[in-house]
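In what follows, a structure is listed as structure tokens, so that the remarks can point back to it.
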Amino acid sequence: MQSTALTLSPLTPLLRPLNKNPNHRYGSLWNLSSLKPLGLLRSINGLSFQKASHLFSCSRFNARRINESFLISDGRCDGFKVRATPVPGNIGDTNDSSGLATSMQLGAMFAIWYILNIYFNIFNKQVLKVYTFPATVTAFHFGCGTLIILIMWASNLYHRPKLTRSQLAVIIPLAIVHTLGNLLTNVSIGRVNVSFTHTIKAMEPFFTVLFSVLFLGEWPTFWIVFSLIPVVGGVALASFTEASFNWIGFCSAMASNVTNQSRNVLSKKFMVKNEETLDNINLFSIITIISFMLLVPAAILLEGVKFSPSYLQSAANQGLNIRELCIRSLLAGFCLHSYQQVSYMILQMVSPVTHSVGNCVKRVVVIIASVIFFQTPVSPINSLGTTLALTGVFLYSKAKQLKPKPKVAS
């Protein structure tokens with residue numbers, strides 16, 4: 001079944017659009033009754049003028065069929081012919097197919113996000129196990145990300161942003177805590193099992209709520225507080241029964257929670273004006289470049305220059321030859337930047353709550369994959385603690401969807 005909509009097309013192909021109202025997406029539309037002085041026919045292709053006007057003005061879908069190459073000047077329309085254009089009647093089918101395509105795209109992106117995260121943790125653990133310099137390794141990861149970003153901008157795969165001083169003043173603190181968060185995570189992964197690090201990082205919601213109360217004055221609902229009980233209890237239970245437990249690994253993972261959640265609070269507290277905001281991809285890209293520039297001198301100061309042949313050979317003597325060490329380091333840097341990039345792309349397509357639930361599932365997948373790959377011994381009580389913590393994170397994500405009922409004035 002097809003309906004008919006009106007379109008305007010210019011008689012002269014050299015005319016260019018002059019859109020005087022930038023808020024209109026499809027150019028300026030006007031009432032067809034203004035065309036009466038031009039002596040246009042009231043009946044067009046069998047349609048009454050009133051019906052045509054109704055179709056023209058009330059259907060946004062039909063408005064998309066308007067040829068935008070027309071010239072408007074002083075409210076008059078010169079040199080146009082009016083013709084009827086068939087509009088498909090299966091709009092619902094088109095919407096259904098586009099919704100299915102979007103769902104399939106999201107599913108593929110979530111799968112890529114999880115797979116890249118799994119491989120990053122595996123490669124990263126293999127490198128840090130024999131090359132015990134987390135600051136140097138983290139700086140190398142940021143260097144890989146910086147190289148990918150520069151290639152992406154140079155080849156126009158993504159548009160390069162134009163930074164202002166006000167933006168830079170906001171981004172630098174975010175980059176500092178981002179750098180610390182990644183560095184502390186690598187310190188923890190180098191000291192304890194991957195599964196235990198990610199179990200501790202399940203405490204992130206606790207620090208989110210804590211910092212929101214302290215710095216933003218946002219008090220949590222009862223259900224959010226209730227969801228934090230299994231998170232805290234599960235992490236405590238897993239810590240007491242963890243075979244690889246040591247205080248450096250535990251404290252660095254906990255400190256990474258503090259830095260990561262303080263980054264989120266900073267991004268809310270020092271929000272840039274709407275006209276100056278960057279999209280998520282470019283914001284993450286700039287943070288990565290700044291983190292690389294900050295961490296390289298810090299790594300040299302903390303650990304010295306550790307890319308000398310003697311240090312590489314020392315790492316090779318512990319199980320990985322120099323070639324394997326370099327390849328795994330490159331793959332870890334590529335996977336880290338890629339999965340974070342995909343994460344920001346997903347965040348642009350879904351709500352923060354959906355993204356939070358997906359992140360919870362990702363942590364479960366990474367823990368299971370690392371336990372299987374590294375054959376990590378896990379006791380029943382340790383498994384119970386990890387399950388409790390991750391269940392609490394999931395409940396926290398769902399509790400954020402529950403909005404408090406507005407108080408009714410008496």
Side-chain angles (χ1 to χ4, degrees), residues 109 111-155 157-158 175 178-191 193-194 197-198 252 256 281-282 284-300 302-345 362 365-366 369-370 372-374:
M109 291 178 70
I112 293 171
W113 184 23
Y114 295 169
I115 291 170
L116 289 172
N117 209 298
I118 290 170
Y119 277 106
F120 162 70
N121 282 278
I122 290 174
F123 293 139
N124 198 31
K125 179 62 177 179
Q126 289 176 330
V127 170
L128 288 169
K129 192 174 182 179
V130 299
Y131 189 76
T132 56
F133 306 106
T136 302
V137 170
T138 308
F140 185 79
H141 292 165
F142 286 137
C144 292
T146 299
L147 181 61
I148 294 172
I149 292 163
L150 294 178
I151 293 173
M152 183 176 66
W153 285 345
S155 58
L157 291 176
Y158 204 82
H178 178 76
T179 305
L180 289 173
N182 281 267
L183 174 59
L184 291 167
T185 300
N186 279 343
V187 171
S188 178
I189 290 177
R191 295 279 183 164
N193 291 327
V194 174
T197 297
H198 282 275
S252 57
S256 72
I281 303 298
N282 274 329
F284 168 67
S285 299
I286 293 167
I287 287 176
T288 300
I289 294 173
I290 296 175
S291 296
F292 174 64
M293 296 170 65
L294 291 173
L295 193 54
V296 168
I300 294 174
L302 292 171
E303 300 174 345
V305 179
K306 301 302 182 184
F307 278 114
S308 62
S310 59
Y311 282 104
L312 294 176
Q313 186 59 46
S314 174
N317 294 335
Q318 300 183 48
L320 286 179
N321 60 47
I322 296 177
R323 180 173 175 273
E324 290 175 337
L325 178 66
C326 293
I327 290 177
R328 280 168 172 76
S329 298
L330 283 170
L331 289 174
F334 170 79
C335 289
L336 172 66
H337 180 79
S338 298
Y339 93 69
Q340 290 180 332
Q341 192 91 284
V342 173
S343 174
Y344 277 98
M345 292 170 64
K362 178 210 72 178
V365 171
V366 170
S370 64
I372 294 173
F373 183 85
F374 293 109

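As a basis for the values below, the full set of heavy atoms in this structure was taken, side chains included, without hydrogen atoms, waters or symmetry mates.
Of all heavy-atom pairs spanning A175 and S291, the tightest one is O-OG, 3.4 Å. For the residue pair S256 and G181, the shortest heavy atom distance occurs at CB-O, 3.6 Å. For the pair N124 and V137, the tightest heavy-atom approach, listed with the atom from each and the gap, is OD1-CG1, 3.8 Å. In terms of heavy atoms, S285 sits closest to M152 at OG-CE, 4.0 Å. In terms of heavy atoms, L116 sits closest to S338 at CD1-CB, 3.6 Å.
Taking CG from L183 and CG from L295, the interatomic distance works out to 6.0 Å, rounded to the nearest 0.5 Å. Distance check: L330 CG to F334 CZ gives 11.0 Å after rounding to the nearest 0.5 Å. For the atom pair F373 CZ and I122 CD1, the distance stands at 5.0 Å (nearest 0.5 Å). For the atom pair H141 NE2 and T136 OG1, the distance stands at 11.0 Å (nearest 0.5 Å). Put simply, CD on Q341 and CD1 on I149 are 6.5 Å apart, with the number rounded to the nearest 0.5 Å. Rounding to the nearest 0.5 Å gives a distance of 9.0 Å between SG of C326 and OH of Y131.
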Chi angles and distances behind the side-chain contact (heavy atoms from CB on, under 4.5 Å) call for T146, M293: CA-CA 10 Å; T146 299; M293 296 170 65; over 6 Å; no

I'd like to know whether N282 forms a side-chain contact (heavy atoms from CB on, under 4.5 Å) with W153, so could you lay out the CA-CA distance, the side-chain angles of the two residues, the decisive distance to 0.1 Å, and finally the verdict. CA-CA 10 Å; N282 274 329; W153 285 345; 3.3 Å; yes

Would you check, one step at a time, whether the test side-chain contact (heavy atoms from CB on, under 4.5 Å) holds for S343 with K362? CA-CA 11 Å; S343 174; K362 178 210 72 178; over 6 Å; no

Output, in order, the C-alpha distance, side-chain angles, deciding distance and verdict of side-chain contact (heavy atoms from CB on, under 4.5 Å) for S370 and N121. CA-CA 8 Å; S370 64; N121 282 278; 5.8 Å; no

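Of the possible donor and acceptor atoms, none in the side chain of Q126 sits under 3.5 Å from a partner among the backbone N and O of R328. In terms of modelled atom types and a separation under 3.5 Å, the side chain of K125 and the main chain of N193 share no donor-acceptor contact.
No more than 12 heavy atoms of other residues, nucleotides or ligands shown are found within 6.0 angstrom of CZ on R191. The environment of Y119 atom OH is sparse: at most 12 non-hydrogen atoms of other residues, nucleotides or ligands sit within 6.0 angstrom. Annotation: M345, atom CE; neighbour count of heavy atoms from other residues, nucleotides and ligands within 6.0 Å does not exceed 12.
For F142 and H178, the gap between ring centers is short of 6.0 Å.
Between F120 and Y339, the two ring planes are tilted [angle within 30° to 60°].
Remark: the N182 side chain and the N186 side chain contain no N/O donor-acceptor pair separated by less than 3.5 Å.
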